[in-house]
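Report on the following structure.
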Amino acid sequence: IVSWWPGENNGSDIVGPNHVSAHNGNSVFGPAKIGSGFNFIESQSQAPPDQESDFSGAATGLDPGTGPFTIEAWINVPEPRAVADSGWETGYQTIISKYRLAPGFTSTYFFAVHPDGTLEFYIRAANGVAQFVYGNQPVTGPGFHHVAAVRTVSSLLLYVDGTLDASLDVDDVLDVNADNVAVTIGNRYAAPYHPERLIGTIDELAYYHSDLSASEIAAIHAAGIKG
């Protein structure tokens, strides 16, 4: 494990150096799966892009290169989101991103709730080649779900509540190295006026430089509040 953000009323990374702080000082925490977690409420999401709340910070060791990696968390996302009439919102609800649009392409990844309420895991190399997998099971609605995204040497995998939800076999292992991009929890800046904010709660978010096995992910889910 490289980084672990429990969200216990602060943005501390209790394993690594990648502490996050609230954008614009709008730090909000609330009841979560285990203690408190990062809480993003509807009123904040309706704010203009320069007033939204998310958490971002340094990203030391959060670039997998061509190696395997895993992202896992507990999330409570009450409902899917449609594209807003204002054009600010795309309907995506981001769990974590290391993403930036720039002239040309930059290497990047994100893990998010798709507008249809399922998961999406996306990675892109600096040459613009991308790989992504969509989930099947909705993760929106009441209560918390454990979700995980895994990149192995041959596949992208999504898990929901300890069970494999979707997979994509890949022939090429992309080099993902966005070392000049901060990590952001609860948002992704797809364009200057198109933030992709999550409405709900993120708890016990963690990043690993390894491809956790199906049994390891099932064990985290089964541990629940004891995990």
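Here, residue 1 is the first one in the sequence, and each next residue gets the next number. Note: hydrogens, waters and symmetry copies are ignored here, and every other heavy atom, side chains too, is used.
- D203 contributes atom CG, which lies 6.0 Å from atom CD1 of I34 (distance to the nearest 0.5 angstrom).
- Chaining together hydrophobic side chains whose heavy atoms lie under 4.5 Å apart places F144 alongside W74.
- Every residue two or more places apart in sequence or in another chain that forms a side chain to side chain donor-acceptor pair (under 3.5 Å) with S155 is listed here: T152.
- Side chain of H146 to backbone of I217: no donor-acceptor contact under 3.5 angstrom is found.
- Listed by chain and number, the residues in a side chain to side chain donor-acceptor pair (under 3.5 Å) with D161 are H145 (sequence neighbours excluded).
- Note on V173: it does not cluster hydrophobically with V129, by side-chain heavy-atom contacts below 4.5 Å among ILVMFWY residues.
- Rounded to the nearest 0.5 Å, atoms CZ (R151) and CZ (F69) are 5.5 Å apart.
- By the side chain to side chain contact (heavy atoms under 4.5 Å, CB included) test, P17 pairs with D13, T60, sequence neighbours left out.
- No option in R188, E120, E196 other than E120 meets the side-chain hydrogen bond (donor to acceptor under 3.5 Å, both in side chains) test with Y92.
- Take N18 and apply the side chain to side chain donor-acceptor pair (under 3.5 Å) test, not counting sequence neighbours, and it matches S3.
- Inspection of the Y208 and E72 side chains reveals an N or O donor paired with an N or O acceptor under 3.5 Å.
- Residues V147 and Y159 form no side-chain contact, since every pair of their non-hydrogen atoms from C-beta on lies 4.5 Å or further apart.
- In terms of modelled atom types and a separation under 3.5 Å, the side chain of D63 and the main chain of G65 share no donor-acceptor contact.
- Between the CZ atom of F38 and the CD atom of E8 there is a distance of 9.5 Å, given to the nearest 0.5 Å.
- Across every non-hydrogen atom of L212 and T70, the tightest pair is N-OG1, 3.0 Å.
- Applying the side chain to side chain contact (heavy atoms under 4.5 Å, CB included) rule to N9 yields the partners F29, S36; only residues at least two apart in sequence or on another chain are considered.
- L62 and Y109 get closest at one heavy-atom pair: O-OH, 2.6 Å.
- Between the side chain of Q93 and the main chain of E79, a donor-acceptor pair closer than 3.5 Å is present.
- Listed for the T108 side chain is a donor-acceptor partner under 3.5 Å among the backbone atoms of K98.
- In this structure, the side chains of V113 and T118 stay at 4.5 Å or more apart for every pair of heavy atoms.
- Sorted by first and then second residue, the side-chain hydrogen bond (donor to acceptor under 3.5 Å, both in side chains) pairs involving residues 214-224 (not counting sequence neighbours) are S213-S215, S213-E216.
- Here the CD1-OG distance, from I71 to S97, works out to 9.5 Å after rounding to the nearest 0.5 Å.
- Aromatic ring centres of Y134 and F132 lie closer together than 6.0 Å.
- The ring-ring contact (aromatic ring centres under 6.0 Å, His included) check on F110 picks up Y99, Y122, with sequence neighbours excluded.
- Every residue two or more places apart in sequence or in another chain that forms a side chain to side chain contact (heavy atoms under 4.5 Å, CB included) with V133 is listed here: F121, L156, L158, A166, L168.
- Judged as a side chain to side chain contact (heavy atoms under 4.5 Å, CB included), and not counting sequence neighbours, the contacts of I14 are W4, P6.
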If you apply the rule side-chain contact (heavy atoms from CB on, under 4.5 Å), what do you find for I75 with T201, and how did you get there?
CA-CA 6 Å; I75 64 170; T201 303; over 6 Å; no
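- A side-chain hydrogen bond (donor to acceptor under 3.5 Å, both in side chains) check over residues 162-176, counting only residues at least two apart or in different chains, returns nothing.
- Between G162 and A218, the shortest heavy-atom distance links the atoms O-CB, 3.7 Å.
- A search for side chain to side chain donor-acceptor pair (under 3.5 Å) contacts involving Q131 returns nothing, not counting sequence neighbours.
- Minimum heavy-atom separation, V181 to A59: O-CB, 3.8 Å.
- Considering all non-hydrogen atoms of both residues, G200 and P78 come closest at CA-CD, 4.0 Å.
- Separating the CG atom in N76 from the OG1 atom in T140 is a distance of 10.0 Å, to the nearest 0.5 Å.
- In terms of heavy-atom proximity, A182 sits nearest to G57 at CB-O, 3.3 Å.
- When each of V77, T94, I185 is checked for a side-chain contact (heavy atoms from CB on, under 4.5 Å) with L198, only V77 meets the rule.
- Atoms CZ and CG, on F40 and N187 in that order, are 8.0 Å from each other to the nearest 0.5 Å.
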